[in-house]
Every structure is written in structure tokens, then in C-alpha cells.
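Heads up, the thing below is written out as C-alpha cells.
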Amino acid sequence: MDIIAIPDDVRREIYAHARAMYPAECCGYLTGPKRGIVVDSAVTCRNAQNDGDHPLTPNRTEETGFVIAGSELFDFARSFDGDRPARVVYHSHSNGRAYFSETDRAMAVGPAYPVQHVVIGVTPDGISEVAQYAWSGDDRDFVEVARWTP
């Protein structure tokens, strides 16, 4: 499995998004060349969790869940047909922890997009920790492939 590299300037951009959205969860995705293993651009999305019942997380609010919806979801899906597809989906957890929850796993499995995932732990004081997850065919699950403290 190739680990998608996320340059510092792209990390700073998604950290700023997470801080700006706190206490709501932020969400978006990172794009890069189809044949590369480095992303170079962030696409921030609106968290549509509060817009209505989400089939996997009907009792959550934007402070405890995220949904990319509408035209942003279509743009995300269409990116896979282009030269600069989505490579990583990111979102924040407002409890300061960067873990891939059971709900995160369920949402990532279906529909399955060929992306890795970054979870940003954020608190009122800022970003606490960040972790990256990728699908492992051997483990048949998402596994942590990188972790850093900003």
C-alpha cells in the first residue's frame, strides 16, 4: 500500500479549516496527480450533517459527525474521472482525538472510494493530533499509516 504524502502547506490549510469550524466537525478532501503519491491541494467542504437525517448517523449533529453532500459530493465523485482525483478525505473530531471511529469506518466502506483518510483532533486550544488511515487488504480494515502532532 502506498501512503499518500501530505505536504506541510496542505496540512496547515486543513488545520486552519478544522480550527475555523470548531466545535463543528470540518470535512473536505485532498487532490493530487492520479499517478502520484503526493497531494497538493485541499478542497474544503461544508458539513451537511445538520441538513437532515443521515442514514448512518441519524442522531448526530455537526459537532459529532460530518457529511459531504449535494454538489460537493458530486464534485468529489467526478474527480475520480479526471487527472487530479480525490486522494484523501479529511475530517475533524472536536474531542481532540485523531481516531478512525466505527462510524468513520462504516461511512468509508460504502460506497468505497479509493481514498485514504485523515482525522484531525481539535480542541478549543487548537489541533492536538492528526492521524492518517489507509485500507489494508491483508487486515481487511483501515489501518493507521501515519500520525503527527502539529
Side-chain angles (χ1 to χ4, degrees), residues 3-34 38-82 84-136 141-150:
I3 299 171
I4 302 297
I6 305 171
D8 290 343
D9 62 326
V10 176
R11 287 185 198 179
R12 283 191 295 274
E13 191 173 345
I14 65 176
Y15 298 165
H17 187 205
R19 285 192 305 271
M21 295 306 300
Y22 183 86
E25 290 192 5
C26 76
C27 57
Y29 55 95
L30 309 178
T31 64
K34 185 176 272 190
V38 177
V39 294
D40 55 19
S41 179
V43 178
T44 61
C45 296
R46 184 181 69 83
N47 184 346
Q49 180 68 48
N50 285 353
D51 290 355
D53 289 338
H54 184 274
L56 292 176
T57 60
N59 299 320
R60 290 188 171 198
T61 67
E62 66 182 8
E63 293 179 0
T64 58
F66 80 96
V67 174
I68 298 172
S71 64
E72 293 175 328
L73 182 59
F74 287 125
D75 290 344
F76 169 77
R78 279 193 289 262
S79 78
F80 297 105
D81 293 329
R84 300 185 44 73
R87 305 299 305 278
V88 176
V89 169
Y90 74 88
H91 76 280
S92 61
H93 285 171
S94 58
N95 63 7
R97 303 302 312 257
Y99 60 96
F100 209 54
S101 71
E102 289 304 315
T103 300
D104 294 337
R105 290 172 197 283
M107 289 176 56
V109 167
Y113 292 106
V115 295
Q116 295 180 10
H117 295 266
V118 166
V119 183
I120 306 159
V122 63
T123 70
D125 297 325
I127 307 303
S128 56
E129 61 184 22
V130 183
Q132 185 171 344
Y133 298 87
W135 179 258
S136 166
D141 195 4
F142 288 90
V143 297
E144 186 175 305
V145 294
R147 178 170 288 267
W148 55 94
T149 303

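Nothing fancy with the numbering, it's 1 onward along the sequence.
- In summary, Arg78 and Asp75 engage in a salt bridge, as defined by a charged side-chain N under 4.0 Å from a carboxylate O.
- Residues Val67 and Gln49 come closest through the heavy atom pair CG2-OE1, 3.3 Å.
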Residues Met21, Thr44; criterion side chain to side chain contact (heavy atoms under 4.5 Å, CB included); working and verdict: CA-CA 11 Å; Met21 295 306 300; Thr44 61; over 6 Å; no
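- Distance check: Gln116 CD to Ile4 CD1 gives 4.5 Å after rounding to the nearest 0.5 Å.
- Counting all heavy atoms, side chain and backbone alike, Pro85 lies closest to Pro33 at CD-C, 4.3 Å.
- Between the CG atom in Asp8 and the CH2 atom in Trp148 there is a gap of 10.0 Å [rounded to 0.5 Å].
- Between Cys45 atom SG and His17 atom NE2 the span is 7.5 Å, to the nearest 0.5 Å.
- Atom CG of Leu30 is separated from atom CZ of Arg11 by 10.5 Å, given to the nearest 0.5 angstrom.
- Among the candidates Asp104, Thr64, Thr123, the single residue satisfying the side-chain hydrogen bond (donor to acceptor under 3.5 Å, both in side chains) test with His93 is Asp104.
- The minimum heavy-atom distance between Ser128 and Val122, with the atom names listed, is OG-N, 4.2 Å.
- For Tyr15, the ring pair (Phe, Tyr, Trp, His ring centres under 6.0 Å) test picks out no residue, with sequence neighbours left out.
- Put simply, the side chain of Glu25 never gets that close to the backbone of Asn47: no donor and acceptor are under 3.5 Å apart.
- Between Phe76 and Tyr29, the two ring planes are perpendicular [angle over 60°; tilted spans 30° to 60°].
- In this structure, Glu129 and Ala98 approach most closely via the heavy-atom pair OE2-N, 2.8 Å.
- Scanning all heavy atoms of the two residues, the minimum distance from Arg84 to Ser41 falls at NH2-CB, 3.8 Å.
- His91 and Phe66 have parallel rings, their planes meeting at less than 30° on a 0 to 90° scale where 60° marks the start of perpendicular.
- Classification of the Phe80-Tyr113 ring pair by plane angle, with boundaries at 30° and 60°, yields parallel.
- The nearest pair of heavy atoms linking Ser94 to Glu63 is OG-O, 3.1 Å.
- The residue from Phe142, Tyr90, Phe100 that alone fulfils the ring pair (Phe, Tyr, Trp, His ring centres under 6.0 Å) condition with Tyr133 is Phe100.
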Ile6/Gln132 under side chain to side chain contact (heavy atoms under 4.5 Å, CB included): CA gap, chis, key distance, verdict: CA-CA 10 Å; Ile6 305 171; Gln132 185 171 344; 3.6 Å; yes
Pair Ile14-Val130, side chain to side chain contact (heavy atoms under 4.5 Å, CB included): steps then yes or no: CA-CA 11 Å; Ile14 65 176; Val130 183; 5.7 Å; no
